Amino acid sequence: YVVAFSGGKDSVVVLDLVRRSSCKHSALYSLTTVDPPELVHFIKREYPDVAWHRPEKSMWQLIVEHGIPPLRRMRYCCRTLKEESTTNCHVVTGVRAAESRKRAERADITGACAKLGTHVVNPILDWLDGDVWDYIRERRLPSCELYREGWKRIGCILCPFSNQQREAARWPKIAMAYRRACRRAFAKPREDKPP
C-alpha cells in the first residue's frame, strides 16, 4: 500500500490508521510546486519518513504547456502532479464523501486508476470533519498550523476550488508566479504564428 500523503488533516489520520494496521506500506507526498510553504515545513518537521515525489514539470510549466491555468472543469494539474506519481500499487487516500458531491459518489475501494495499474482505497470515506478532528485530538497527532489560523482546506494555492482571493493575499509571491505563467501561456500562441 502507498498512502497518498498531503499533510492535510485527512491524510494525517489515514497514515496513522495504516501505521496502526501493521500492513506493509509506504507514504508518499507528491509535491505540486504550489503547496503552502507552511504545509511543506510541517511535513518536513513532523513526517520526515514520508517519501517525496518531485514532478517533472512545475505548475508554471504546465500552465504554459496547456495554454491556460487549471479551471474547475479543466484540472490537468491533479492528474499530472499527484495521481501519476503512484503506479501499480494500492493507493490509500484521505478522500471523504463530505468534501464534495463528486467525492460522495466514490466507493471505499475502486479500480478507478486502472490505467495506472492502481486500486484506490478510501478508508475514511464516510467520516465527517468532526470525526477527523476527534481522532486527531484523541491520538494527539500533529496538524499544520494553518488549521489553527482558521483555514478549513489546505491544498494547492489558488486551486480552482479554493478561496483564491484569500490565498492570493496570503501568498502574494505565488499569486504573482501564476500571473507570470499565465502571461507566458497567453503569449505563446502569438510567438508560434508566422509573421
Side-chain angles (χ1 to χ4, degrees), residues 1-55 59 70 75 77-87 89-100 102-110 112-113 116 118-163 167:
Y1 293 93
V2 176
V3 176
F5 189 79
S6 70
K9 66 185 187 309
D10 302 325
S11 66
V12 164
V13 167
V14 167
L15 181 56
D16 189 69
L17 289 169
V18 171
R19 285 177 172 170
R20 289 173 179 276
S21 75
S22 300
C23 70
K24 186 176 177 183
H25 72 280
S26 61
L28 181 68
Y29 168 57
S30 294
L31 181 71
T32 66
T33 67
V34 287
D35 304 290
E38 298 87 347
L39 181 67
V40 173
H41 296 306
F42 166 73
I43 295 168
K44 285 180 179 178
R45 182 181 66 246
E46 300 292 339
Y47 292 93
D49 56 330
V50 170
W52 286 45
H53 174 264
R54 287 173 171 71
M59 175 64 83
R75 285 181 311 137
C77 45
C78 289
R79 180 183 65 254
T80 305
L81 298 173
K82 293 180 179 181
E83 295 165 11
E84 291 178 1
S85 63
T86 51
T87 58
C89 61
H90 298 294
V91 178
V92 184
T93 78
V95 167
R96 293 184 301 110
E99 294 175 297
S100 73
K102 191 170 183 180
R103 289 185 173 195
E105 296 170 2
R106 295 193 186 186
D108 292 342
I109 300 173
T110 178
C113 296
L116 300 174
T118 62
H119 289 84
V120 180
V121 181
N122 303 309
I124 63 169
L125 187 66
D126 296 326
W127 288 33
L128 301 175
D129 276 359
D131 300 323
V132 172
W133 287 116
D134 287 346
Y135 187 92
I136 288 172
R137 279 190 292 274
E138 287 170 14
R139 302 287 185 200
R140 297 181 184 199
L141 300 175
S143 62
C144 182
E145 64 263 23
L146 290 172
Y147 289 117
R148 290 183 290 287
E149 292 178 23
W151 294 82
K152 302 284 184 230
R153 176 199 169 277
I154 300 177
C156 296
I157 297 172
L158 298 182
C159 170
F161 292 101
S162 70
N163 181 333
E167 291 182 359

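Note that the structure is a prediction, hence the values are computed from the model and not measured.
Ion pairing of R137 with D134 is present here, as a side-chain N (NZ or NE/NH1/NH2) and a carboxylate O approach within less than 4.0 Å. E145 has a carboxylate O that lies under 4.0 Å from a charged side-chain N of R45, or vice versa, which qualifies the two as a salt bridge. Salt bridge absent: R96 and D126 never bring a charged side-chain N and a carboxylate O closer than 4.0 Å.
The CD atom of E38 sits 12.0 Å away from the CD1 atom of I43 when rounded to the nearest 0.5 Å. For the atom pair CG of L17 and CZ of R19, the computed distance is 11.5 Å after rounding to the nearest 0.5 Å. Atom OH of Y147 is separated from atom CZ of F42 by 8.5 Å, given to the nearest 0.5 angstrom. In this structure, OG in S26 is found 13.0 Å from CZ in F5, a value given to the nearest 0.5 Å.
Considering only heavy atoms from C-beta on, V3 stays 4.5 Å or farther from S11 through its side chain. With a 4.5 Å cut-off on side-chain heavy atoms, T32 and S6 do not count as touching. Looking at heavy atoms from C-beta onward, S30 lies out of side-chain contact with W52 at the 4.5 angstrom threshold. Two residues are said to be in side-chain contact when any heavy atoms from C-beta on lie closer than 4.5 Å; I124 and V14 meet this criterion.
A donor-acceptor pair is defined here as one N or O able to donate and one able to accept, closer than 3.5 Å; such a pair exists between the side chain of D131 and the backbone of L128.
Taking both residues in full, the closest heavy atoms of P55 and T33 are given as CG-CG2, 3.9 Å, listed atom of the first, atom of the second, then distance. The heavy-atom pair separating K9 from D129 by the smallest distance is CE-OD1, 3.9 Å. The two residues P36 and I157 have their closest heavy-atom pair at CA-CD1, 3.6 Å.
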task: Decide yes or no on salt bridge (Lys or Arg N to Asp or Glu O under 4.0 Å) for R153 and D10, but give the supporting numbers first.
output: CA-CA 10 Å; R153 176 199 169 277; D10 302 325; over 6 Å; no

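Defined by atom type and a distance below 3.5 Å, a donor-acceptor pair is present between the side-chain atoms of R148 and S143.
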